[in-house]
Amino acid sequence: MNIWIFNHYAITPDLPGGTRHYDLSKELVKRGHHIVIFATSFHYTLHRETRLQPGENWKIEDVDGVKFVWLRTPPYWRNDWRRVRNMVVYMFRAWWLGRKLPKLSSEIKKPDIIIGSSVHLLAVLAAYWLSKYYKVPFVMEVRDLWPQTFIDMGKLSPQHPITKALQILEKFLYNRAEKIITPLSNAHEYITNCGIPREKVVWIPNGVDLSRFNNNNVYPERSNNDFNVMYVGAHGLANGLETLIQAAKIVQDSGYQKVRFILVGDGPEKPNLIDLAERLNLKNVEFRDPVPKDKVPNVFKEADVFVPNLERGQVFKYGVASNKLFDYMGIGKPIIFPVQFLDNPVQEAQCGLTVPPGDPEALAEAIIKLYQMPPEERKAMGNRGREYVEKYHDIRKLADRLETVLSDILEKQQ
């Protein structure tokens, strides 16, 4: 199959962030398929150009057999009108170049099937337009529920004109997709409430390339006996990291001087978090810059426990498409998971502790409990997490599922 994927924020492993489409595509390439991913060359957390030279508006890069088409989009530094402009420019440039690319480059063949992936719906709309242009099946991937996420987080009113416009576009795309893929385990409940048949929705969760986490030297010797609580990922409103900083204050005031908090990553809330840590006079918190995906396993080895923190939000009842959660489980370390919904892989795997979101006292109590736990018990917890992702989230198994879905669609078209 010649498969085109439109994901505005797709990245390669030499950049920080989630690599869902690269990982799945690399596996499909091994099976003889041809994958083209259309993505922006402006990184969404580094806030800088990563691939294109001055004067270049696009280029093709081969990464382990996966063809990335990098598109130039305008810069932005926060969630304001400039980011919206970035999205709109991606949509139009992807649509414009997608129509011409097979004629401009012998490397790129016309698609047999096209996938449009949210988070934002404009990328999906560009994919739909191109599916009509090439007269091929259109598949929608829903990694974030727009506009419901904004409504549940209090960013948009249900009656706002932007909300209404996004809901119309959302249902338009749902209805025109041959299949709707989602990594959110309960998103079918939301999507079927939009009038979509249940059989049209396919769950393909996020996964782990376990070859990155070979578990050799997971517990390296240290020059000190600190107990490191680690968060690696975006520093945005949805991550609720203020709770983690407040928990660090409680732990420090309780006299646990060996417990250290390491936050790796970037995002719009990072300056506020640094300011909060300084105002609380915290000596146990360290902020680090984001690291490329292929360097993440080395950083993970420093951790004793991970906290994939989340803000309270009704939208999370449909599931969490967390790349970092399964990466944490893949390295084989215990996890403290602040959640308020039924979908809880940490609880299923018995690889850590669950606490209510937005509750620094409960989070601090769980951290202290793990700190006081015998190392062999923590190690057993981590091993159970590793076994869980080997069984349910190995990227090779998820690529099998995606391959089957796409092949079935094409067979029905014949």
Side-chain angles (χ1 to χ4, degrees), residues 1-11 20-29 31-40 58 60-63 65-71 73 87-144 146 169-183 191 196 200-202 204 398-399 401-414:
M1 293 180 284
N2 291 325
I3 304 163
W4 285 14
I5 301 172
F6 290 80
N7 173 6
H8 187 161
Y9 304 114
I11 62 162
R20 171 179 173 87
H21 288 125
Y22 162 80
D23 292 333
L24 287 168
S25 298
K26 188 175 73 167
E27 290 300 321
L28 292 176
V29 165
R31 301 162 199 204
H33 304 296
H34 303 276
I35 316 294
V36 182
I37 299 176
F38 291 75
T40 179
W58 63 274
I60 301 167
E61 182 182 12
D62 187 301
V63 184
V66 181
K67 298 290 193 301
F68 275 81
V69 178
W70 300 110
L71 304 173
T73 54
M87 295 175 186
V88 172
V89 170
Y90 171 85
M91 174 185 70
F92 282 115
R93 288 196 169 164
W95 170 73
W96 179 87
L97 185 62
R99 292 178 306 147
K100 300 175 179 297
L101 198 55
K103 297 176 183 177
L104 295 174
S105 172
S106 60
E107 297 179 69
I108 307 297
K109 307 300 181 187
K110 291 181 180 179
D112 297 314
I113 194 165
I114 292 178
I115 301 172
S117 180
S118 61
V119 295
H120 70 79
L121 297 173
L122 299 183
V124 186
L125 182 58
Y128 168 70
W129 284 342
L130 285 165
S131 74
K132 298 298 288 183
Y133 178 81
Y134 285 109
K135 299 180 174 58
V136 298
F138 161 63
V139 176
M140 182 175 181
E141 183 182 58
V142 180
R143 292 183 295 127
D144 202 354
W146 280 33
L169 177 57
E170 176 187 40
K171 291 178 183 177
F172 173 87
L173 294 168
Y174 286 165
N175 278 298
R176 280 151 184 80
E178 295 290 331
K179 287 286 185 181
I180 300 168
I181 296 169
T182 179
I191 295 170
I196 305 303
K200 194 171 180 177
V201 185
V202 180
I204 302 180
L398 302 180
R401 203 178 305 180
L402 177 59
E403 183 181 35
T404 299
V405 169
L406 300 182
S407 297
D408 287 350
I409 291 170
L410 288 176
E411 285 177 12
K412 290 175 183 176
Q413 299 286 319
Q414 294 175 355

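Computed over heavy atoms, backbone and side chain alike; hydrogens, waters and symmetry mates excluded. Here the structure is a predicted model, which means the values were calculated and not measured.
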| Minimum heavy-atom separation for H8 to M87, with atom names? | CE1-CA, 3.6 Å
| request: Identify the two heavy atoms, one from L122 and one from V88, that lie closest to each other, and give their separation to 0.1 Å. | output: CD1-CG2, 3.8 Å
| query | What are the two closest heavy atoms between V29 and G65, and how far apart are they? | reply | CG2-O, 3.7 Å
| Say you draw a straight line from CE of M1 to CG of L28; how long is it, rounded to the nearest 0.5 Å? | 6.5 Å
| Under 3.5 Å, side chain of N2 to main-chain N/O of D112, donor-acceptor pair present? | no
| Flag for R143-N7: side-chain donor and acceptor within less than 3.5 Å | yes
| said: Can you give me the closest heavy-atom contact between Y22 and V63, atom names plus distance? | reply: CE1-CG1, 3.8 Å
Table please: side-chain donor-acceptor pairs of residues 91-106 below 3.5 Å, with sequence neighbours left out.
unit_1, atom_1, unit_2, atom_2, d
R93, NH1, R72, O, 2.5
S105, OG, E107, N, 3.2

| Value rounded to 0.5 Å, distance of CG in D408 from CD in E403 | 10.0 Å
| request: Please name all residues satisfying side chain to side chain donor-acceptor pair (under 3.5 Å) with Y90, sequence neighbours left out, ordered by chain then number. | output: none
| request: Enter the distance from I115:CD1 to L24:CG here, rounded to the nearest 0.5 Å. | output: 8.5 Å
| What are the two closest non-hydrogen atoms of A127 and F6, and how far apart are they? | CB-CD1, 3.8 Å
| Backbone of L406 reached by a side-chain donor or acceptor of K179 within 3.5 Å | no
| said: For the CG atom of L130 and the NZ atom of K110, what is their distance to the nearest 0.5 Å? | reply: 12.5 Å
| query | So do W146 and H120 actually touch side chain to side chain, heavy atoms under 4.5 Å? | reply | yes
| remark: ring pair (Phe, Tyr, Trp, His ring centres under 6.0 Å) with Y128: of W4, F138, Y134, only one passes, and it is F138
| What distance separates I37 CD1 from E61 CD, expressed to the nearest 0.5 Å? | 11.0 Å
| task | Starting from the C-alpha separation in whole Å, work towards a yes-or-no answer on side-chain contact (heavy atoms from CB on, under 4.5 Å) for E178 and Q413. | result | CA-CA 10 Å; E178 295 290 331; Q413 299 286 319; 3.7 Å; yes
| query | side-chain contact (heavy atoms from CB on, under 4.5 Å) between I113 and I3: does it pass, once the steps are laid out? | reply | CA-CA 5 Å; I113 194 165; I3 304 163; 3.9 Å; yes
| task | Let me see the working for K109 and H34 under side-chain contact (heavy atoms from CB on, under 4.5 Å), right down to the final yes or no. | result | CA-CA 9 Å; K109 307 300 181 187; H34 303 276; over 6 Å; no
| message | To the nearest 0.5 Å, what is the distance between OG on S118 and CG on L125? | response | 13.0 Å
| task | Indicate yes or no: at least one non-hydrogen side-chain atom of R20 is less than 4.5 angstrom from one of I204. | result | yes
| Does T182 use its side chain to pair, donor to acceptor, with the backbone of V142 at less than 3.5 Å? | yes
| remark: What one should report as the nearest heavy-atom pair of S25 and I35 is OG-CG2, 3.2 Å
| task | Test side-chain contact (heavy atoms from CB on, under 4.5 Å) on R176 and K132 and set out the steps. | result | CA-CA 10 Å; R176 280 151 184 80; K132 298 298 288 183; over 6 Å; no
